[in-house]
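Bear in mind the structure is a predicted one, so any value in this text is a computation, not a measurement. Along the sequence shown, residues are numbered consecutively beginning with 1.
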Amino acid sequence: MTLPPSVPMCPPGLEYLTSIDQLLVHQKVEILEALTGFETKNKFTVKNSLGQKVYKAVEDTDCLTRNCCGPLRPFDMKILDNFDNQVIHLYRPLACDSCCFPCCLQSMDVSSPPGNHIGKIEQEWSILKPKFVIKDHNDEVVLRVEGPFCTLSICGSDVEFKVLSKDGEHEVGKIYKQWAGILREALTDADHFGITFPMDLDVRMKAVMLGACFLIDAMFFEKKQDRAQGLL
């Protein structure tokens, strides 16, 4: 996509998001990781519904953290536009993702431009289904996210996380992992995601929802094959 015109009160680089209600997130297949299991930096391409590249996302972690902490690792992620300008910065601190530790659950901070806090995603304590809240820069709940009881993709089915209004009464969008084919699913953790949201949603909250997609990927779909082998 070409550089869009500036929009008043919109963080620079988020103008792309003002006129769309869907994003597609494709993780790049890393050959070294697929062949050896050695964890490499995650890289993603973010596209619109027409398949046009809107952003690219690159994980910023060191080798030791990636391979020692695995899916629980803390990370920074840079989201760049088509001109390699960083427009969004994500930070995931080290935390638990177990219902046994409700005082130290997952979260992710989102800033745009980098250094300007616009919102965050926080995991809520839940036993049966994964639940999250999406907050704005004032720490007010704007949306809620509720996942399924089972997050395994079986027989070509998508795994859907519902995006709900702040009172939890109405579904207004979703974050879903798309089935990527039997070989890709079995041999890699390079996943495909879709995100839908209201067209008139605050552009900053659209950016935070993109961050929620990356947090969900890290928590539930990173290193699937290693987890499966550990159950054998």
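- When all heavy atoms of Asp167 and Glu169 are compared, the closest pair comes out as OD1-N, 2.9 Å.
- Taking Glu146 as the reference, Lys129 meet the salt bridge (charged side-chain N to carboxylate O under 4.0 Å, His left out) condition, with sequence neighbours excluded.
- With values rounded to the nearest 0.5 angstrom, Ile118 atom CD1 is found 10.0 Å from Asp136 atom CG.
- Aromatic ring centres of Phe44 and Phe214: separated by under 6.0 Å.
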Verdict with reasoning, Glu140 to Lys135, per salt bridge (Lys or Arg N to Asp or Glu O under 4.0 Å): CA-CA 5 Å; Glu140 296 289 335; Lys135 296 183 175 182; over 6 Å; no
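- Contact annotation: the side chain of Ile134 never approaches that of Val141 to less than 4.5 Å [non-hydrogen atoms, C-beta and beyond].
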From CA spacing to verdict: side-chain contact (heavy atoms from CB on, under 4.5 Å), Val159, Tyr176: CA-CA 5 Å; Val159 181; Tyr176 55 98; over 6 Å; no
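- Under the 4.5 Å side-chain heavy-atom criterion for Ile, Leu, Val, Met, Phe, Trp and Tyr, Val25 and Met108 are members of the same hydrophobic cluster.
- Comment: Asp84 engages Lys56 in a salt bridge, judged by a side-chain N to carboxylate O separation of less than 4.0 angstrom.
- For Asp202, the side-chain hydrogen bond (donor to acceptor under 3.5 Å, both in side chains) partners two or more places apart in sequence, or in a different chain, are Arg204.
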List the steps and the verdict of salt bridge (Lys or Arg N to Asp or Glu O under 4.0 Å) for Lys177 and Glu160. CA-CA 7 Å; Lys177 179 192 171 298; Glu160 293 189 359; over 6 Å; no
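- Taking 4.5 Å as the limit, every side-chain heavy atom of Leu24 sits out of range of all side-chain heavy atoms of Asn48.
- Counted by atom type alone, Ser126 and Glu124 present zero donor-acceptor pairs between their side chains at under 3.5 Å.
- Distance check, rounded to the nearest 0.5 Å: CG of Leu215 to CD1 of Ile175 gives 9.0 Å.
- Under the salt bridge (charged side-chain N to carboxylate O under 4.0 Å, His left out) criterion, Asp200 pairs with no residue, sequence neighbours left out.
- Residues Phe75 and Ile216 are members of one and the same hydrophobic cluster, defined by side-chain heavy-atom contacts under 4.5 angstrom among Ile, Leu, Val, Met, Phe, Trp and Tyr.
- A donor-acceptor distance shorter than 3.5 angstrom exists from the side chain of Arg92 to the backbone of Arg73, with no hydrogens or angles considered.
- Contact annotation: the side chain of Leu210 approaches that of Ile79 to within less than 4.5 Å [non-hydrogen atoms, C-beta and beyond].
- Note that OH of Tyr91 and NZ of Lys120 are 11.0 Å apart. Values are rounded to the nearest 0.5 Å.
- Within the 4.5 Å cutoff, no side-chain heavy atoms of Leu143 are placed close to those of Phe132.
- Inter-residue side-chain proximity for Met219 and Gln123 is flagged as met; some heavy-atom pair is nearer than 4.5 Å.
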Are Val142 and Lys166 close enough, and set up right, to give a side-chain contact (heavy atoms from CB on, under 4.5 Å), and what steps lead you there? CA-CA 5 Å; Val142 177; Lys166 66 178 181 179; 5.8 Å; no
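- Distance check: Met209 CE to Lys174 NZ gives 11.5 Å after rounding to the nearest 0.5 Å.
- Residues satisfying the ring-ring contact (aromatic ring centres under 6.0 Å, His included) criterion with Phe193, sequence neighbours excluded, are Phe221.
- Taking CD of Glu222 as the start and CG of Leu72 as the end, the distance is 10.5 Å to the nearest 0.5 Å.
- Listed here is the closest heavy atom pair of Ala207 and Leu17: N-CD1, 4.0 Å.
- Ion pairing of Lys43 with Glu59 is absent here, as no side-chain N (NZ or NE/NH1/NH2) approaches a carboxylate O to less than 4.0 Å.
- Taking all atoms of both residues into account, the shortest heavy-atom contact from Pro113 to Pro12 is CD-CD, 4.1 Å.
- Not one N or O on the side chain of Gln52 forms a donor-acceptor pair closer than 3.5 Å with the backbone of Leu50.
- Partners of Glu171 under the salt bridge (charged side-chain N to carboxylate O under 4.0 Å, His left out) rule, at least two apart in sequence or in another chain, do not exist in this structure.
- Centroid-to-centroid, the aromatic rings of His192 and His26 come within less than 6.0 Å.
- Applying the side chain to side chain contact (heavy atoms under 4.5 Å, CB included) rule to Gln86 yields the partners Lys78, Leu80, His89, Pro114; only residues at least two apart in sequence or on another chain are considered.
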Tyr16 vs Asp81, side-chain contact (heavy atoms from CB on, under 4.5 Å): CA-CA, chis, key distance, verdict: CA-CA 9 Å; Tyr16 293 107; Asp81 64 14; 4.2 Å; yes
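- Without hydrogens or angle criteria, Lys206 side chain to Met199 main chain gives a donor-acceptor distance under 3.5 Å.
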Take Val172 and Thr196 through the test side-chain contact (heavy atoms from CB on, under 4.5 Å) and record every step on the way to the result. CA-CA 8 Å; Val172 298; Thr196 62; over 6 Å; no
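- The aromatic rings of Phe220 and Phe161 sit tilted, their planes meeting at an angle between 30° and 60°.
- Closest approach of Glu15 to Cys10, counting heavy atoms only: N-SG, 3.7 Å.
- Phe197 and Val133 fall into different hydrophobic clusters, where Ile, Leu, Val, Met, Phe, Trp and Tyr side chains are chained together by heavy-atom contacts under 4.5 Å.
- Looking only at side-chain heavy atoms (C-beta outward), Pro74 and Thr61 stay at 4.5 Å or farther from each other.
- Between atom CD1 of residue Ile88 and atom CG of residue Asn116 there is a gap of 12.0 Å, rounded to the nearest 0.5 Å.
- Asp217 has its side chain within reach of Gln27: a pair of non-hydrogen atoms, C-beta onward, lies under 4.5 Å apart.
- Side-chain contact between Leu105 and Trp125 is present, with at least one heavy-atom pair separated by less than 4.5 Å.
- Cluster annotation: Val58 is not connected to Tyr55 through the hydrophobic network of ILVMFWY side chains, with a link wherever side-chain heavy atoms come within less than 4.5 Å.
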